[in-house]
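Have a look at the structure below before the remarks.
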Amino acid sequence: MELTGTIEKRKMKEQFLDTMELERERGITIKLQPVRMSYRFEGRDYMLNLIDTPGHVDFSYEVSRSLAAVEGAILLVDATKGVQAQTLANLYLAQQQGLTIVPAINKIDLPGARVEMVEDEIKELLGQNAQIYKISGKEGVGVEELLQTVIKKVAPPKIDADRPFRALVFDSNYDAYKGVLAYVRIVDGRIKRGDKIMFMASGAKVEAIEVGIFTPALKAAEELRAGEIGYIATGLKEVALCRVGDTMTVTGSFDVEQLPGYKEPKPMVFASFYPAVLEKQEAQDYNQLRDALSKLKLSDAALVFEPESSDALGRGFKCGFLGMLHLEIVSERLRREYNLDLIVTTPSVVYRVKKKNREELVIYSPQKLPDPSVIDEIREPWVKLEVIGPSEYLGVIMKLLQSTGGAYLDTQYLGAQRVVISYEAPLREIIVDFYDKLKSATSGYASMGYELLGWRKDDLVRLDILVAQDPIEAFARIIPRHKAAGEGRAIVEKLKEILPPQMFAVALQAAVGGKIVAREDLAARRKDVTAKLYGGDVTRKNKLLDKQKKGKKKMRDRGSVNIPQEVFLKVLKK
């Protein structure tokens, strides 16, 4: 961007296209970011539309939308890290789209750069004859050569400016003054301010109150023409009317064919979000959370949510995510951008249940699982894992993969020192802390990616946690039968540590289908009823103790336990 004059040198900074504070803190890209650049080469002026995309597997949906709006892709590989799992995933996406791929190795100026080794790894993927460009974004080395190569190798878009206006919505955002901003790739025709347009899928009809380009800041323009990428301010306040993947056209066009959109993202990890202040939970807190989720969904099409309520946690939303990083980013954005204090329940995956009467159910939470007596089978999602790491950690990685209860598929080598291990595993074993364990076991050198394989039958049960014989919904979970006793014991032991003592003894139990698999007893808080005695016959002391014992028994039979909010938080974090 500095080379093409898109950004003045004095305004340049690291991670310029990472506009969110969260992106800059973590050093990752979360949201795709378009930018237009002008470049003069061999006496001609060229206009380049660039879309910076995320790399993590959880945001592959963002990548797929970007690839549908362009003709070529720069496969940028870090010289210090080499080819990673997400590199492979994004390469496959670009190849499926039929894009021209220009491979490049970045950060060659760093002391830890392994340029020759990384070059060998890329050639293993693209062929030994692949021309790989070596650049340093920081120093500017090789950047101009890469830019010229893109102009030479990537074909310009096929356009027809005389056809009726047609554009693909590849992203969207919300502006308090301009309403919904549709990020579009103009396929046919042209659009200018004041034109009457419509969304073909939702049927919404609006007026283009502003059109413009990305510099990367929003910059109003006279018009947008076929082949260009830009934004259209629609003035819409209802965010659901602008769907990512929809086709925009002019109002009254009846012979316009809808553009191929995108496959709907399939959330596989589910967790519930609740306002944190349970004792004084007001409608305002719930409405703020709902509005914040609606606005986030506009810029994150993979996020899904629906209202739900819980006896323990009040009113909230069941939310679906593509993975654990996606969940973490959404919850953090809600806290930072909308100033919300949240309770997030333990993540779980979606299950398919077949009942004995042949009825099939989709279960998003353990509370919805039917009685075991009516269940014929339960199926859960399995994924194909690809783990890439140094070959010296092969044994450690294999041991960790075996702990998931999955099946080994294949091992391949990228160059002399990098290995790719393919493995099948249930998604429930991957979503919570597998990535952290992998990074810890390999000193941070390994990376992983996964894709959904399908649904497989397993012997799964619902583990219920009972406090004073009352099942606590928020603590229930679906796990394999052989893990029920160990998981149940860990939870009741944790509860015994953190639950405040009551006036009577409390039984903490873990149960599967009515059978108790683990138990701990929380001792009663006792008052010294004999403190007022100063001698006398022992029968006086025994009489008071017997009276106290009978009172405790009555309370145990009739009393209930009020579980504080912090107890829920500590157990759910576990």
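- Contact detail for Glu386 and Leu88: the closest heavy-atom pair is OE1-CD1, 3.7 Å.
- The side-chain heavy atoms of Glu380 and Leu460, taken from C-beta on, include a pair separated by under 4.5 Å.
- Here the closest non-hydrogen pair linking Ala484 and Val517 is O-CG2, 4.1 Å.
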* Show the numbers, then the answer: is there a side-chain contact (heavy atoms from CB on, under 4.5 Å) between Gln412 and Ile421? => CA-CA 7 Å; Gln412 295 179 344; Ile421 306 168; over 6 Å; no
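- Here the CG atom belonging to Leu463 is positioned 12.0 Å from the CZ atom belonging to Phe475, to the nearest 0.5 angstrom.
- Among Arg379, Arg481, Arg428, the one residue that satisfies the side-chain hydrogen bond (donor to acceptor under 3.5 Å, both in side chains) test with Asp458 is Arg428.
- Without hydrogens or angle criteria, Ser440 side chain to Lys437 main chain gives no donor-acceptor distance under 3.5 Å.
- Within the 4.5 Å cutoff, side-chain heavy atoms of Asp376 are placed close to those of Arg358.
- The ring-ring contact (aromatic ring centres under 6.0 Å, His included) check on Phe321 picks up Phe273, His326, with sequence neighbours excluded.
- What you find for Ala446 and Val387 is that their closest heavy atoms are CB-CG1, 4.5 Å.
- More than 12 non-hydrogen atoms from other residues, nucleotides or ligands lie less than 6.0 angstrom from NZ of Lys318.
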* **side-chain contact (heavy atoms from CB on, under 4.5 Å) evaluation trace for Ser172 with Leu181** => CA-CA 5 Å; Ser172 56; Leu181 301 176; over 6 Å; no
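- The two residues Ala73 and Leu99 have their closest heavy-atom pair at CB-CD1, 4.4 Å.
- Contact of the Thr87 side chain with the Leu75 side chain is registered, since non-hydrogen atoms from C-beta on lie closer than 4.5 Å.
- Taking CG from Asn287 and CZ from Arg315, the interatomic distance works out to 7.0 Å, rounded to the nearest 0.5 Å.
- Nearest heavy atoms, Thr404 versus Leu401: OG1-O, 2.6 Å.
- Annotation: the span from Tyr183 atom OH to Asp171 atom CG amounts to 6.5 Å, rounded to 0.5 Å.
- Contact of the Val350 side chain with the Ile363 side chain is not registered, since no non-hydrogen atoms from C-beta on lie closer than 4.5 Å.
- Using a 4.0 Å cut-off between a side-chain N of Lys or Arg and a carboxylate O of Asp or Glu, Arg456 and Glu424 qualify as a salt bridge.
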* Asked: Checking salt bridge (Lys or Arg N to Asp or Glu O under 4.0 Å) for the pair Arg290/Glu306: CA distance, chi angles, key distance, verdict?
  -> CA-CA 9 Å; Arg290 181 194 60 206; Glu306 61 180 35; over 6 Å; no
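- Looking only at side-chain heavy atoms (C-beta outward), Leu327 and Glu332 stay at 4.5 Å or farther from each other.
- Salt-bridge annotation for Asp464 and Arg462: present, with a side-chain N of the basic residue lying under 4.0 Å from a carboxylate O of the acidic one.
- Between Val492 and Gln509 there is no side-chain heavy-atom pair separated by less than 4.5 Å.
- The salt bridge (charged side-chain N to carboxylate O under 4.0 Å, His left out) check on Glu308 picks up nothing, with sequence neighbours excluded.
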* Dump the intermediate steps for side-chain contact (heavy atoms from CB on, under 4.5 Å) on Gln84 and Asp78, then the final yes or no. => CA-CA 9 Å; Gln84 296 188 292; Asp78 192 312; 6.0 Å; no
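- Listed here is the closest heavy atom pair of Trp382 and Gly405: CH2-O, 3.8 Å.
- Atoms CD1 and CD1, from Ile491 and Ile465 in turn, are 4.0 Å apart once rounded to the nearest 0.5 Å.
- Between atom CZ of residue Phe434 and atom CG of residue Leu427 there is a gap of 12.0 Å, rounded to the nearest 0.5 Å.
- Side-chain atoms of Ser443 and Tyr393 form a donor-acceptor pair, as typed in the model, at a separation below 3.5 Å.
- Taken from OG in Ser447 to NZ in Lys81, the straight-line distance is 9.5 Å, to the nearest 0.5 Å.
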Donor-acceptor pairs under 3.5 Å, side chain of residues 116-124 to any protein atom, not counting sequence neighbours: which ones?
residue	atom	partner	partner atom	Å
Glu119	OE2	Lys134	NZ	3.3
Glu121	OE1	Val83	N	2.9
Glu121	OE2	Arg418	NE	3.4

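- Taking the charged nitrogens against the carboxylate oxygens, Glu429 and Lys483 do have a contact shorter than 4.0 Å, which makes a salt bridge.
- Annotation: side chain of Leu342 is in contact with side chain of Arg335 (closest heavy-atom distance under 4.5 Å).
- Looking at Pro370 and Leu361, their side chains come closer than 4.5 Å, going by heavy atoms from C-beta outward.
- Listed by chain and number, the residues in a ring-ring contact (aromatic ring centres under 6.0 Å, His included) with Phe305 are Phe317 (sequence neighbours excluded).
- Residue pairs meeting the ring-ring contact (aromatic ring centres under 6.0 Å, His included) criterion with at least one member in residues 345-370, sequence neighbours excluded, are Phe270-Tyr364.
- Glu359 meets the salt bridge (charged side-chain N to carboxylate O under 4.0 Å, His left out) test with Lys355; sequence neighbours excluded.
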* Asked: For Ile478 and Val461, what are the C-alpha separation, side-chain angles and deciding distance, and is it a side-chain contact (heavy atoms from CB on, under 4.5 Å)?
  -> CA-CA 6 Å; Ile478 298 174; Val461 294; over 6 Å; no
